[in-house]
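These notes concern the structure reproduced below.
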Number of protein chains: 2
Amino acid sequence: MNETPIERLLTAGLKVFAERGFREATVRDICARAGTNISSIRYYFASKEMLYREVLAYSFREADRKYPQLAFSDESLPPNDRLKIFIRNLLMRLLDESDLGFHARLMAREIAEPTEALHFIIDTVMKPRFMILRELIPQLVEETLDQTDIDRVIHCIIGQCLVFRHSKPMIERLCPEVISSPEAIDRTADMIIRFSLGGLRGIDLSKGGLP
Amino acid sequence: MNETPIERLLTAGLKVFAERGFREATVRDICARAGTNISSIRYYFASKEMLYREVLAYSFREADRKYPQLAFSDESLPPNDRLKIFIRNLLMRLLDESDLGFHARLMAREIAEPTEALHFIIDTVMKPRFMILRELIPQLVEETLDQTDIDRVIHCIIGQCLVFRHSKPMIERLCPEVISSPEAIDRTADMIIRFSLGGLRGIDLSKGGLP
DNA sequence: CTTGCGTTCAAACATCTGTTTGAATAGGAT
DNA sequence: ATCCTATTCAAACAGATGTTTGAACGCAAG
């Protein structure tokens, strides 16, 4: 127990909230894993909900520390490479099974079942990256797309990454090999990149196919 | 109240389970919406969990009734068309906002946070379609892919559809227009189809890009 | 040593929730 | 009318869980 009770509660809370969701997580469980008394949450965080907010903030700090996305934002790189970096980085974050895996799970939870904290997450974490993709995608297709179609393309791309986190239980039953090792995950990232670059090309080729 | 208590409990249960998840759903809430006494769940279904299983089964029956997937299984159709049908059908199911919307939400929940019922769902609902895709995809790419890469491609495709359901709260904050109307959803389906067909072509074009 | 403060602890409390119970009700068959 | 069965009902029960409490502990300052 070399960490402070506050740190232990944050890491334990991250795990439990990620694994069971806010409601299913019990303060008794969190305190047990943190090795603290049950009343420590009240003492240090006032309530379970306040602890949850602190855990969210802590989780984001850790994620950005471990997988910084500087290269993706580098406008001097070719758009192609920037997209590759983005996809690989996103998939790695999502499937990281160290402590960061809990961050991805927590985020997936917030996206699927928002608490009041979602708006904060979107505005501070998602939106900046989304805006970068908005200016990146048009550089990768010849046809000029309207904003809404660009947004659709963006979701086609991130959807391919998200599915490997969101549908993990299903994947592990149907075809676990696709993400069963770091090499497999790497190959999955390659596949998403090839598929996405092809998809972007496909949009150009099939133009006029729509009214 | 022209329906039987059993029917009312099933529809009410579907809504509440879909909106709040198994654990957060309360039998009192379900019974209130169904207009039945609190002990009716025990009387007709033995327990909350048994009700949940029956709701799942009921939900699948309704989904298959409303969006049958016969054409997708028709091996006499060109592979291209079968994929288009599959994508459009899946997206429609996922974004249907009638009673069926609850089905999609319920399924998304099961996929993300499996109960013991997940295995049943996968084996009876997902797997058959997955197996069809497994024989369909190779017909759409020239390069011969191994099984694992085929499974990756499959998830790239369904991931593009799933994201519009799973990340709906985020989409509605960042770019609601992409799924804000039946026409918009239709156009999203078109985009996924173009993107996927392009992606499949891209796999051929970029072969050799991997070790 | 005594005091004071931050911290830890076990027990109790209040509420919510799934389940159970036993009586009340209704409707049809005899 | 009587009986039987199926159904409905309100109340109670039991367990889990977030919160609260007040005492105990430890340690540094005076």
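Being a predicted model, the structure only gives us computed values, none of them experimental. Below, read A as the first sequence line, B as the second, and so on, with proteins coming before strands; counting in each chain starts at 1.
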Measuring to OP1 and OP2 of [N], would you say a side-chain N or O of [X] lies under 4.0 angstrom away?
X       : N      : answer
A/Tyr43 : D/dT19 : no
A/Arg23 : C/dT17 : yes
A/Arg42 : D/dT20 : yes
B/Tyr44 : D/dT8  : yes

Could you check whether B/Arg33 pairs with B/Glu19 (Lys NZ or Arg NE/NH1/NH2 to Asp/Glu carboxylate O, under 4.0 Å)?
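Looking at B/Arg33 and B/Glu19, the cut-off is met.
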
Answer yes or no: is there an ion pair linking B/Glu97 with B/Arg105, defined by an N-O contact shorter than 4.0 Å?
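Counted as a salt bridge, because a side-chain N and a carboxylate O are separated by less than 4.0 Å.
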
Positive for side-chain contact (heavy atoms from CB on, under 4.5 Å) with B/Ile30, one of B/Leu9, B/Leu10, B/Leu14
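Answer after filtering B/Leu9, B/Leu10, B/Leu14: B/Leu9.
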
Grab the [atom1]-[atom2] distance between [X] and [N] for me, whole Å please.
X       : N      : atom1 : atom2 : answer
B/Ile38 : D/dA11 : CD1   : P     : 12 Å
A/Tyr52 : D/dG18 : OH    : C1'   : 17 Å
A/Glu24 : C/dC16 : CD    : C1'   : 15 Å
B/Glu7  : D/dT7  : CD    : P     : 14 Å
A/Phe45 : D/dG18 : CZ    : C1'   : 16 Å
A/Leu51 : D/dT17 : CG    : C1'   : 15 Å
A/Glu3  : C/dT7  : CD    : P     : 17 Å

Would you mind reporting whether B/Phe164 and B/Leu90 have side-chain heavy atoms less than 4.5 Å apart?
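With C-beta onward as the side chain, the pair stays apart.
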
Proximal nucleotide (of C/dT8, C/dT20, D/dG18) relative to the A/Thr26 side chain
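So the nucleotide nearest the side chain must be D/dG18.
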
For the side chain of A/Ser39, counting heavy atoms from C-beta on, which of D/dG18, D/dT20, C/dT19 is nearest?
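Between D/dG18, D/dT20, C/dT19, the one nearest the side chain of A/Ser39 would be D/dT20.
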
Please set out all donor-acceptor pairs under 3.5 angstrom arising from side-chain atoms of residues 127-136 of chain A, sequence neighbours excluded.
| residue | atom | partner | partner atom | Å |
| --- | --- | --- | --- | --- |
| A/Arg129 | NE | A/Gln69 | OE1 | 2.7 |
| A/Arg129 | NH2 | A/Asp64 | OD1 | 3.1 |
| A/Arg134 | NE | A/Asp151 | OD1 | 2.9 |
| A/Arg134 | NH2 | A/Asp151 | OD2 | 2.9 |
| A/Glu135 | OE1 | A/Gln139 | NE2 | 3.1 |
| A/Glu135 | OE2 | A/Arg82 | NH2 | 3.3 |

Pick the closest DNA chain D nucleotide for B/Arg28 and for B/Pro5 by heavy atoms, then say which residue is nearer the 5' end.
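Taking each residue's closest nucleotide, the earlier one in sequence belongs to B/Pro5.
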
Which is true for A/Ala25 with a 4.0 Å heavy-atom rule: it touches a base, it touches only sugar-phosphate, or it touches nothing?
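Sugar-phosphate, backbone atoms only, no base.
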
Mind checking if A/Ile41 touches a base, just sugar-phosphate, or nothing, with heavy atoms under 4.0 Å?
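Answer is nothing: A/Ile41 stays at 4.0 Å or more from every strand.
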
On DNA chain C, compare the nucleotides closest to A/Ser40 and B/Asn37; which residue's is nearer the 5' end?
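Mapping each residue to its closest nucleotide by heavy atoms, the 5'-most match is A/Ser40.
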
